[in-house]
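All heavy atoms count here, side chains included; hydrogens, waters and symmetry mates do not.
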Amino acid sequence: MMKSVEIQKNRWHLAGLDEAVSWCRACNVRGIACMLHPLGEFAEDRQAAEEAARRYEDSISAIHRHGLDASVSVKPSAVGVALQSEAYNEYLQQILSHATAKRVPVGIDVEGTSLIHDTLKGAFQAAEQEYTFTLTLQAYLKRTPADLNRAADEGVSVRLVKGAYIGDLNQRNEITAAFRTQAFLLSRRHPQFSVGTHDMSLIRWLQDSIPEARTRITFGFLKGLGTETMIGMANAGWKVDEYLPYGDDHGSYDRRREIYLAALASARTRPLE
């Protein structure tokens, strides 16, 4: 793990599931959990959604087989949320059922604003069927406080991120303020929760402002960003995990990361190391 030549060659993603398993095993030795994600978005038809669901199940099986400290992150558009809600609900619950049998945690990601309603509707329907998972919510959406409260009411764990698409808020200071407000709400409603941010000022604020933060918050990092910070936090006893995308269908994912770096450069801000 962390070899400079590997980071330069595949900064944002890994080649395949075998590589993700090896990387995750090395992370676990350092006290870092992982979130595996087979790349792919926006299934064009039901067959593509079914194939994506099978890839998620393969990830779950690999985590179970190798005894990894890891979860699997599900991208709703990959399993049909943009096609029809029935397909999405079916494949999501199929994945969650497999994860339950293997005792592997699952996270449900969120994407563009047009998909939020159906994504969360399907997630909460799964919660009603007593499936357990972590639901990602975006700070830049005005609806998020209500979704945080509903998640707490239904016993759904939450992972809070700023948002990587286009939301209701678009100014950096507005999004940061919303993130802080929602993190306080999370701390009141959820005994434990996760955050995904590479904003060091926010990380320090969370560590200093949330009661018992060391035992309550898991700090998430993307592969290729904040590696030194992540390792340092793990060494200091903080709970951290690394998001590990893998596979050939990495174009859209890589572009979002490059857009993020360009935005930082425009703001004359260095990426987290």
Roughly how far apart are [X] [atom1] and [Y] [atom2], rounded to 0.5 Å?
X    : Y    : atom1 : atom2 : value
L225 : M230 : CG    : CE    : 10.5 Å
R188 : L148 : CZ    : CG    : 10.5 Å
W12  : L222 : CH2   : CG    : 7.5 Å
C24  : I32  : SG    : CD1   : 10.0 Å
S97  : I60  : OG    : CD1   : 9.5 Å
L160 : R180 : CG    : CZ    : 13.0 Å

Of all the heavy-atom pairs spanning [X] and [Y], show the shortest one and how long it is.
X    : Y    : value
A126 : L96  : CB-CD1, 3.7 Å
A139 : I175 : CB-O, 4.3 Å
A183 : F193 : O-CZ, 4.2 Å
P145 : L185 : O-CD2, 3.7 Å
L141 : G167 : CD2-CA, 3.9 Å
G40  : D249 : CA-OD2, 3.5 Å

### Task
Using a cut-off of 6.0 Å, state whether more than 12 heavy atoms not belonging to N173 lie near its atom CG.
yes
### Query
Is the CZ atom of R172 crowded by more than 12 outside heavy atoms at less than 6.0 Å?
no
According to side chain to side chain contact (heavy atoms under 4.5 Å, CB included), who are the partners of [X], at least two apart in sequence or on a separate chain?
X    : answer
R150 : F124, E128, E154
R204 : M200, Q207
S209 : F184, W205

### Message
Distance to the ring centre below 6.0 angstrom and angle to the axis at most 45 degrees; does that hold for K223 and W23?
### Response
yes
### Query
In terms of hydrophobic clusters joined by side-chain contacts under 4.5 Å, are F219 and L272 together?
yes
#### Entry: Co-membership, hydrophobic cluster, residues L202 and M233, 4.5 Å side-chain
yes
Would you check if the side chain of [X] reaches a backbone N or O of [Y] as a donor-acceptor pair within less than 3.5 Å?
X    : Y    : answer
R159 : S194 : no
T215 : E212 : yes
T197 : I203 : no
R216 : S187 : yes

### Query
Applying side chain to side chain donor-acceptor pair (under 3.5 Å), which residue pairs with at least one partner in residues 55-81 are found, sequence neighbours left out?
R25-H66, E57-Q94, S59-Y246, S61-H98, K75-D109, S77-E111
Heavy-atom side-chain proximity of [X] to [Y] below 4.5 angstrom:
X    : Y    : answer
T113 : Y165 : no
Y140 : N170 : no
H37  : L39  : yes
L17  : V21  : yes
S22  : E19  : no
T227 : F221 : no
P76  : Y88  : yes
K102 : I63  : no

### Message
Please determine whether ring pair (Phe, Tyr, Trp, His ring centres under 6.0 Å) holds for the pair Y253 and H13, giving the CA-CA distance in whole Å, both sets of side-chain angles, and the decisive distance to 0.1 Å.
### Response
CA-CA 9 Å; Y253 180 82; H13 62 273; 7.8 Å; no
### Task
Determine the sole option in Q125, Q84, K121 for which the side-chain hydrogen bond (donor to acceptor under 3.5 Å, both in side chains) test with N89 is passed.
Q125
### Task
Decide salt bridge (Lys or Arg N to Asp or Glu O under 4.0 Å) for R189 and D153; before the verdict, give the C-alpha distance in whole Å, the side-chain angles of both, and the deciding distance to 0.1 Å.
CA-CA 9 Å; R189 296 298 318 271; D153 292 340; 2.7 Å; yes
### Task
Could you tell me which residues satisfy salt bridge (charged side-chain N to carboxylate O under 4.0 Å, His left out) with K239, sequence neighbours excluded, listed by chain and number?
none
#### Entry: With sequence neighbours excluded, residues passing salt bridge (charged side-chain N to carboxylate O under 4.0 Å, His left out) with E86
none
### Message
What I want to check is whether the side chains of D199 and S201 have a donor and an acceptor closer together than 3.5 Å.
### Response
yes
### Query
Are E41 and R256 close enough for a salt bridge, meaning some N to O gap below 4.0 Å?
yes
### Task
May I ask you to decide whether R46 forms a salt bridge with E50, counting only side-chain N to carboxylate O separations under 4.0 Å?
no
### Summary
The residue among T218, I210, L206, V158 that forms side chain to side chain contact (heavy atoms under 4.5 Å, CB included) with V195 is L206
#### Entry: Residue of the set T144, L115, D147, L120 for which side chain to side chain contact (heavy atoms under 4.5 Å, CB included) holds with V110
L120
### Task
I would like to know whether S252 and D254 meet side-chain contact (heavy atoms from CB on, under 4.5 Å); could you show each step before the answer?
CA-CA 6 Å; S252 296; D254 289 358; over 6 Å; no
